[in-house]
Visitor: 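The structure is given below, and queries will be raised subsequently.
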Amino acid sequence: MASAQADAHQGRLQMHSLPPLSLYIHVPWCVRKCPYCDFNSHQAGADLPEEAYLQALQADLEGALPDIWGRQVISVFIGGGTPSLLSAQALDRMLAMVRARLNLLPDAEVTMEANPGTVEAARFAAYAASGVNRISLGIQSFNDVHLQALGRVHDSDQARAAIEIALRLVGRVNLDLMYALPGQSEAQCRADLETALGSGVSHLSLYHLTLEPNTVFAKYPPVLPDEDSAAGMQEMLESRMAQAGFERYEISAYARPGQQCLHNRNYWEFGDYLGIGPGAHGKLTFHDRIVRQARLKQPQSWIDAALAGQGGHIAEIRQPALDELPFEFMLNALRLRRGVPTAWFEERTGIPLANIARMMEEAARKGLLDTDPTRLMATPLGWRFLNDLQEIFLA
């Protein structure tokens, strides 16, 4: 420990082990950009450039192999955009490419995002046959008026049909739902939730609609429920989910026993992830440093640069400063209701726990951090005021 502490004081890391590794693949196209969305998504043309995209994705992955050589990959997440716009053949080639080049666990969790308006039973059956074993559906609401206000391309009937198909063909299904929508009442919010619970899915992600910068909603804000109404919806959702047997294991994530999202847990537990595709972000740990990367956002720019093979498709490579790592770690770990084992702080940052002892004492004194010495975990009060707790660990 003494050598690790000395290295940390001198601004160097000495990692004795590497955390679990996941793979994120970004598919950047959508049928239409939603007015609330600030993700790297782009409206698709008449035909997706699937062939160029797959060739660039292979080049991106192969260029990253030296950084992760020999490491086991525990999960894959295909996100977007709308990955279900890809043909069944493209998705099959993508996953075959991944398995041929990475040490992917035989039972790895492979999640694919999909929107109800792009669901076809035959296509979903092919996705499952290719190795997708978890589907995340962007439902957002079962109310057609609210779906229209959100700019969604599906209606409530398509949402129900998509859930039925996904459950039948894949089994493990997450639904994304939003609340505090324009003009939404608590009764309407409850109706959305009851429909979701009645569908038989094992995981729900519940998000408060927020007006993000550089979105249509930010420029032309809709009338949203006031703070008291939104808080009432949140309390109702939490209570009803607990009653239905779902554990709120992360700020926005609820799961039945054994159904938590392993891929997202790896983010929150400060694991590693390689991100490939336009705009994808990644975090990779080496024996002496932690590196964050970001790919070019524009799909065609990324495709051209990745195929050129000179590394120009990587827009940013950044090594977080030593004094940034405690905040980065806590920003993720404290989102989990049960937190993480205390030992993981040093294992996954390379920094001795003693370096943040003063911050931990302050957080505990304010009643925000649990005093269990074996876990880094927010108290119920700390989880309620999570931003205040996390900010204590800013350098």
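In this chain, numbering begins with 1 at the start of the sequence shown.
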Visitor: Test side chain to side chain contact (heavy atoms under 4.5 Å, CB included) on Met178 and Tyr36 and set out the steps.
Guide: CA-CA 11 Å; Met178 287 184 171; Tyr36 59 83; 3.2 Å; yes
Visitor: Search all heavy atoms of Leu169 against all heavy atoms of Ala121 and return the closest pair with its distance.
Guide: CD1-O, 3.5 Å
Visitor: Between Ile74 and Leu21, is there a side-chain heavy-atom distance shorter than 4.5 Å?
Guide: no
Visitor: Taking atom CD as the centre, does Glu238 end up with more than 12 heavy-atom neighbours from other residues, nucleotides or ligands that are less than 6.0 angstrom away?
Guide: yes
Visitor: So, Arg338 side chain and Met377 main chain: donor-acceptor pair closer than 3.5 Å or not?
Guide: no
Visitor: Flag the pair Met241 / Ser239 as yes when at least one side-chain heavy-atom distance between them is below 4.5 Å, and no otherwise.
Guide: no
Visitor: In terms of relative ring orientation, are Phe77 and His263 parallel, tilted or perpendicular, with 30° and 60° separating the classes?
Guide: tilted
Visitor: Establish, yes or no, whether a centroid distance under 6.0 Å links the rings of Tyr249 and Tyr254.
Guide: no
Visitor: Flag this pair as yes if the NZ/CZ of Arg265 is under 6.0 angstrom from the six-membered ring centre of Trp268 and inside a 45 degree cone about the axis; otherwise no.
Guide: no
Visitor: Let's go through Val27 and Trp29 carefully: what are the C-alpha distance in whole Å and the side-chain angles of both, what is the deciding distance for side chain to side chain contact (heavy atoms under 4.5 Å, CB included) to 0.1 Å, and is it a yes or a no?
Guide: CA-CA 6 Å; Val27 180; Trp29 297 285; 4.1 Å; yes
Visitor: Tell me yes or no: between the side chains of Ser156 and Asp144, is some donor less than 3.5 Å from an acceptor?
Guide: yes
Visitor: Asp272 and salt bridge (charged side-chain N to carboxylate O under 4.0 Å, His left out): which single residue from Arg292, Arg348, Arg71 fits?
Guide: Arg71
Visitor: So which atom in Asn133 and which in Val170 form the shortest heavy-atom distance, rounded to 0.1 Å?
Guide: C-CG1, 3.2 Å
Visitor: Go through it in stages, so that I can follow the logic: the residues are Arg152 and Leu150, the test is side chain to side chain contact (heavy atoms under 4.5 Å, CB included), and I'd like the CA-CA distance, side-chain angles, deciding distance and then a yes or no.
Guide: CA-CA 6 Å; Arg152 304 298 287 169; Leu150 291 172; 3.9 Å; yes
Visitor: Just checking Phe39: does its CZ atom have more than 12 heavy atoms from other residues, nucleotides or ligands closer to it than 6.0 angstrom?
Guide: no
Visitor: Is the backbone of Ile163 close enough, under 3.5 Å, to the side chain of Arg168 for a donor and an acceptor to pair up by distance?
Guide: no
Visitor: More than 12 heavy atoms of other residues, nucleotides or ligands under 6.0 Å from NZ of Lys33: is that the case?
Guide: yes
Visitor: Taking Arg160 first and then Glu164, would you say they form a salt bridge - that is, a charged N and a carboxylate O separated by under 4.0 Å?
Guide: no
Visitor: Short question: side chain of Asn332, backbone of Glu328 - any donor-acceptor pair under 3.5 Å?
Guide: yes
Visitor: For Gln390 and Leu331, indicate whether the former's side chain and the latter's backbone hold a donor-acceptor pair under 3.5 Å.
Guide: yes
Visitor: State whether a side-chain donor-acceptor pair under 3.5 Å links Asn174 with Asp176.
Guide: yes
Visitor: Mark yes or no for whether Gln158, through its side chain, and Asp155, through its backbone, hold a donor-acceptor pair below 3.5 Å.
Guide: yes
Visitor: For the residue pair His26 and Tyr24, categorise the inter-ring angle as parallel (less than 30°), tilted (30 to 60°) or perpendicular (more than 60°).
Guide: tilted
Visitor: Check the hydrophobic clustering (I, L, V, M, F, W, Y; side-chain heavy atoms under 4.5 Å; chains of links allowed) and say if Leu307 and Leu61 are grouped together.
Guide: yes
Visitor: If you take all heavy atoms of Ala321 and Glu324, which pair is closest and at what distance?
Guide: N-OE1, 2.6 Å
Visitor: Salt bridge (charged side-chain N to carboxylate O under 4.0 Å, His left out), that's the test. Do Arg240 and Glu235 meet it? Break it down for me.
Guide: CA-CA 9 Å; Arg240 182 67 184 96; Glu235 290 174 9; over 6 Å; no
Visitor: How would you list all residue pairs meeting side chain to side chain donor-acceptor pair (under 3.5 Å) that involve residues 94-109, not counting sequence neighbours?
Guide: Glu62-Arg101, Glu109-Arg172
Visitor: Decide yes or no on side-chain hydrogen bond (donor to acceptor under 3.5 Å, both in side chains) for Gln259 and Arg256, but give the supporting numbers first.
Guide: CA-CA 5 Å; Gln259 296 298 311; Arg256 292 195 183 278; over 6 Å; no
Visitor: Give the intermediate values and the outcome of side chain to side chain contact (heavy atoms under 4.5 Å, CB included) for residues Glu113 and Ile78.
Guide: CA-CA 6 Å; Glu113 289 185 334; Ile78 306 165; over 6 Å; no
Visitor: Does Arg358 use its side chain to pair, donor to acceptor, with the backbone of Glu361 at less than 3.5 Å?
Guide: no
Visitor: Does one side chain, of Tyr179 or Gln234, offer a donor that lies under 3.5 Å from an acceptor on the other?
Guide: yes
Visitor: Any chain of hydrophobic side-chain contacts (each under 4.5 Å) joining Ile290 to Ile317?
Guide: no
Visitor: Between Ile276 and Leu23, is any pair of side-chain heavy atoms under 4.5 Å apart?
Guide: yes
Visitor: Using the side chain to side chain contact (heavy atoms under 4.5 Å, CB included) criterion, which residues pair with Ser252? Sequence neighbours excluded.
Guide: Tyr207, Glu250, Arg335
Visitor: Hey, does the side chain of Asp67 reach the backbone of Leu284 with a donor-acceptor pair shorter than 3.5 angstrom?
Guide: no
Visitor: Identify, with sequence neighbours excluded, every residue that meets side chain to side chain donor-acceptor pair (under 3.5 Å) alongside Thr374.
Guide: Asp372
Visitor: Is the backbone N or O of Leu181 less than 3.5 Å from a side-chain atom of Gln184, with the two atoms forming a donor-acceptor pair by type?
Guide: yes
Visitor: Counting C-beta onward and ignoring hydrogens, is there a side-chain heavy-atom pair between Cys189 and Met236 closer than 4.5 Å?
Guide: yes
Visitor: Identify the heavy atoms of Leu389 and Ala363 that sit nearest to each other, and give their distance.
Guide: CD1-CB, 3.7 Å
Visitor: Where is the tightest heavy-atom contact between Thr82 and Cys30, given as atom of each residue plus distance?
Guide: OG1-SG, 3.3 Å
Visitor: Looking only at side chains, do Ser229 and Asp226 share a donor and an acceptor under 3.5 Å apart?
Guide: yes
Visitor: Is it the case that the side chain of His154 and the backbone of Ile139 share a donor-acceptor pair, with hydrogens and angles ignored and the cut-off at 3.5 Å?
Guide: yes
Visitor: For the side chain of Lys283 and the backbone of Gly271, is there at least one donor-acceptor N/O pair under 3.5 Å apart?
Guide: yes
Visitor: What pairs meet the side chain to side chain donor-acceptor pair (under 3.5 Å) rule with one or both residues in residues 298-316, with sequence neighbours excluded?
Guide: Asp60-Trp302, Asp60-His313, Gln300-Asp304
Visitor: Given Asp192 and Ser141, is the side-chain hydrogen bond (donor to acceptor under 3.5 Å, both in side chains) satisfied, shown in steps?
Guide: CA-CA 6 Å; Asp192 275 351; Ser141 176; 2.8 Å; yes
Visitor: Taking the side chain as everything from C-beta on, heavy atoms only, tell me whether Leu177 gets closer than 4.5 Å to Phe142.
Guide: yes
Visitor: With the side chain counted from C-beta on, respond yes when Arg295 and Ile314 share a heavy-atom pair under 4.5 Å apart, and no when they do not.
Guide: yes
Visitor: Is there a side-chain contact between Thr379 and Leu369 (heavy atoms, below 4.5 Å)?
Guide: no
Visitor: Does the side chain of Val73 come within less than 4.5 Å of Leu274's, by heavy atoms?
Guide: no
Visitor: Test of understanding: clusters of I, L, V, M, F, W, Y form through side-chain heavy atoms closer than 4.5 Å, transitively. Do Leu105 and Met94 belong to the same one?
Guide: no
Visitor: Got a sec, which residues hit ring-ring contact (aromatic ring centres under 6.0 Å, His included) with Phe270, two or more places apart in sequence or on another chain?
Guide: Phe329
Visitor: Check Lys366 with Glu391, please: is the shortest side-chain N to carboxylate O separation under 4.0 Å?
Guide: no
Visitor: Name every donor-acceptor pair, under 3.5 Å, that has one atom in a side chain of residues 215-224 and the other anywhere in the protein, sequence neighbours excluded.
Guide:
unit_1	atom_1	unit_2	atom_2	d
Thr215	OG1	Glu212	O	2.7
Thr215	OG1	Ala218	N	3.2

